[in-house]
Peer 1: 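Below: one structure in structure tokens.
Residue numbers count from 1 along this sequence.
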Amino acid sequence: MDLKKLHKFLNQCELNFHNRPQAFYLDVQKVSFALSFLKGIMLAWFEPNLLNPITGTEPAWANDYSEFVIQLTTNFSPHDLVGNAEHQLVNLSMKDGSHINKYIIKFDHLTTQVHDYGEGALCHMFYNRLPDHIKDEITYIGKPPCLIDLHTMAQGINMHYWEHKSEITHQTKTKPQPFSSSKQPSSGGSSSKQSATSSSTSSSSSTGKGKNPQQPS
């Protein structure tokens with residue numbers, strides 16, 4: 001399992017526990033369920049106790065899901081969770097031509113892991129990492145001081161942006177092609193050809209009249 005996906009994995013486990021409370025009534029059932037999805041170095045960490053269990057000496061995490069989570073996060077999470085989240089937040093940006101929902105979800109997730117950031121600072125960071133076409137619209141309308149309102153405004157602008165792009169694409173595909181007919185000879189050229197043909201015929205007739213056929217001797 002990718003170490004960066006640990007937090008997401010634990011959230012998915014919790015969702016399963018809440019959806020099936022009877023199947024995961026005991027902590028040992030929760031631990032077994034989570035262990036079944038571990039791979040690589042994470043699974044290797046727990047394997048000695050799984051393959052060679054000694055009665056009466058089971059580790060605390062074997063029957064305590066909270067302790068199991070502590071073991072996972074202590075051994076496989078970044079050592080400086082806050083510093084790592086701050087680094088990701090500072091370097092987070094919404095790419096031009098992408099949809100905003102992914103950016104908002106990632107931004108909000110990181111803000112839950114950092115400290116000492118006020119509403120104004122978060123609004124400033126969120127706004128500065130937006131593409132220029134969204135920032136221009138926000139500046140024209142007026143930037144709200146509340147982060148949730150800034151989210152809503154940016155989402156609306158991004159939605160209209162993609163609607164407009166879709167309309168342009170649709171119009172381009174359905175635009176009728178100009179009618180192209182085969183090239184007709186010009187009237188002037190036709191007259192010239194006809195005139196040349198007439199002159200040639202007249203010349204041939206005149207030549208024929210000037211030479212009398214010889215009489216047989």
Side-chain angles (χ1 to χ4, degrees), residues 1-95 97-119 121-123 125-126 129-131 146-156 158-159 162:
M1 180 188 295
D2 187 343
L3 301 183
K4 295 180 180 179
K5 297 180 179 179
L6 177 58
H7 186 74
K8 181 179 179 181
F9 167 71
L10 294 174
N11 282 339
Q12 291 174 333
C13 287
E14 289 294 340
L15 288 174
N16 276 280
F17 301 156
H18 286 295
N19 289 336
R20 302 165 59 196
Q22 293 182 344
F24 300 107
Y25 180 74
L26 300 175
D27 273 22
V28 65
Q29 295 169 322
K30 296 179 181 179
V31 172
S32 297
F33 176 80
L35 281 170
S36 67
F37 289 96
L38 298 184
K39 298 178 181 179
I41 190 172
M42 286 187 175
L43 179 60
W45 178 266
F46 297 98
E47 270 185 344
N49 297 102
L50 296 173
L51 299 177
N52 301 298
I54 301 176
T55 304
T57 61
E58 294 90 353
W61 57 260
N63 298 298
D64 187 337
Y65 182 73
S66 296
E67 182 62 29
F68 172 77
V69 172
I70 291 174
Q71 289 292 321
L72 274 178
T73 54
T74 300
N75 293 289
F76 301 107
S77 292
H79 294 294
D80 186 1
L81 291 175
V82 176
N84 182 64
E86 288 180 345
H87 176 75
Q88 292 186 57
L89 188 60
V90 168
N91 291 280
L92 180 66
S93 64
M94 177 183 170
K95 305 300 181 184
S98 62
H99 293 273
I100 197 171
N101 288 344
K102 184 177 180 180
Y103 171 67
I104 291 178
I105 292 171
K106 183 66 175 177
F107 186 90
D108 287 347
H109 172 68
L110 291 173
T111 57
T112 63
Q113 303 177 49
V114 298
H115 308 293
D116 302 325
Y117 281 84
E119 187 84 1
L122 292 176
C123 284
M125 295 179 70
F126 179 84
R129 305 304 192 280
L130 293 170
C146 180
L147 183 60
I148 187 65
D149 292 338
L150 187 57
H151 283 181
T152 303
M153 181 182 291
Q155 281 179 305
N158 189 241
M159 181 184 67
W162 283 108

Peer 1: Is a donor on one side and an acceptor on the other found under 3.5 Å between the side chain of Gln155 and the backbone of Ile100?
Peer 2: no
Peer 1: Which residues pass the side chain to side chain donor-acceptor pair (under 3.5 Å) test with Asp27, sequence neighbours left out?
Peer 2: none
Peer 1: Does the pair Phe107 and Met94 meet the rule for a side chain to side chain contact (heavy atoms under 4.5 Å, CB included), with working shown?
Peer 2: CA-CA 10 Å; Phe107 186 90; Met94 177 183 170; over 6 Å; no
Peer 1: Could you state the interatomic distance from CZ (Phe37) to CG (Asn16), rounded to the nearest 0.5 Å?
Peer 2: 7.0 Å
Peer 1: Tell me whether the rings of Trp45 and Phe76 are parallel (<30°), tilted (30 to 60°) or perpendicular (>60°).
Peer 2: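 Rings of Trp45 and Phe76: perpendicular, as their planes differ by over 60°.
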Peer 1: For a 4.5 angstrom cut-off between non-hydrogen side-chain atoms, does Leu35 reach Trp61?
Peer 2: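 Side chain of Leu35 against side chain of Trp61, heavy atoms only: contact under 4.5 Å found.
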Peer 1: Which atom pair, heavy atoms only, marks the closest approach of Leu122 to Leu89?
Peer 2: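 That would be CD2-CD2, 4.5 Å.
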Peer 1: Counting only heavy atoms not in Tyr25, do more than 12 sit closer than 6.0 Å to its OH atom?
Peer 2: no
Peer 1: Hey, can you tell me if Phe126 and His151 have their rings parallel, tilted or perpendicular (30° and 60° cut-offs)?
Peer 2: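 The arrangement is tilted - the two ring planes meet at 30° to 60°.
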Peer 1: Looking at Asn11, I'd like to know if its CG atom is crowded, meaning that more than 12 non-hydrogen atoms belonging to other residues, nucleotides or ligands lie closer than 6.0 Å.
Peer 2: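 Yes, CG of Asn11 has more than 12 neighbouring heavy atoms, counting only those of other groups under 6.0 Å.
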Peer 1: If you apply the rule side chain to side chain contact (heavy atoms under 4.5 Å, CB included), what do you find for Thr112 with Asp108, and how did you get there?
Peer 2: CA-CA 7 Å; Thr112 63; Asp108 287 347; 5.8 Å; no
Peer 1: Going by atom types only, do Glu58 and Asn49 share a side-chain donor-acceptor pair under 3.5 Å?
Peer 2: no
Peer 1: Given Phe33, which of Phe68, Phe9, Phe24 fulfils the ring-ring contact (aromatic ring centres under 6.0 Å, His included) condition?
Peer 2: Phe24
Peer 1: Minimum heavy-atom separation for Ala154 to Leu130, with atom names?
Peer 2: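 Looking at all heavy atoms of both residues, the shortest contact is CB-CD1, 4.4 Å.
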Peer 1: Could you pull out the closest heavy-atom pair between Cys146 and Cys123, with the gap in Å?
Peer 2: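 Where Cys146 meets Cys123 most closely, the heavy atoms are C-SG, 3.7 Å.
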Peer 1: Could you report the tightest heavy-atom contact between Val90 and Arg129, atom names first, then the distance?
Peer 2: O-NH2, 2.8 Å
Peer 1: Minimum heavy-atom separation for Thr73 and Leu6, please, with both atom names.
Peer 2: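 Smallest heavy-atom distance, with atoms named: CA-CD2, 4.1 Å.
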Peer 1: If I take atom OH from residue Tyr65 and atom CD from residue Gln29, how far apart are they, to the nearest 0.5 angstrom?
Peer 2: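 Tyr65 atom OH to Gln29 atom CD measures 13.0 Å (nearest 0.5 Å).
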Peer 1: Checking side chain to side chain contact (heavy atoms under 4.5 Å, CB included) for the pair Tyr117/Thr111: CA distance, chi angles, key distance, verdict?
Peer 2: CA-CA 8 Å; Tyr117 281 84; Thr111 57; over 6 Å; no
Peer 1: Looking only at heavy atoms, what is the nearest atom pair of Gly97 and Trp162, with distance?
Peer 2: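 Result for this residue pair: O-CZ2, 3.0 Å.
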Peer 1: Inspect the surroundings of NE2 in His87 and state if more than 12 heavy atoms from other residues, nucleotides or ligands are less than 6.0 Å away.
Peer 2: no
Peer 1: If you measure from CD on Glu67 to CG on Leu72, what distance do you get to the nearest 0.5 Å?
Peer 2: 10.5 Å
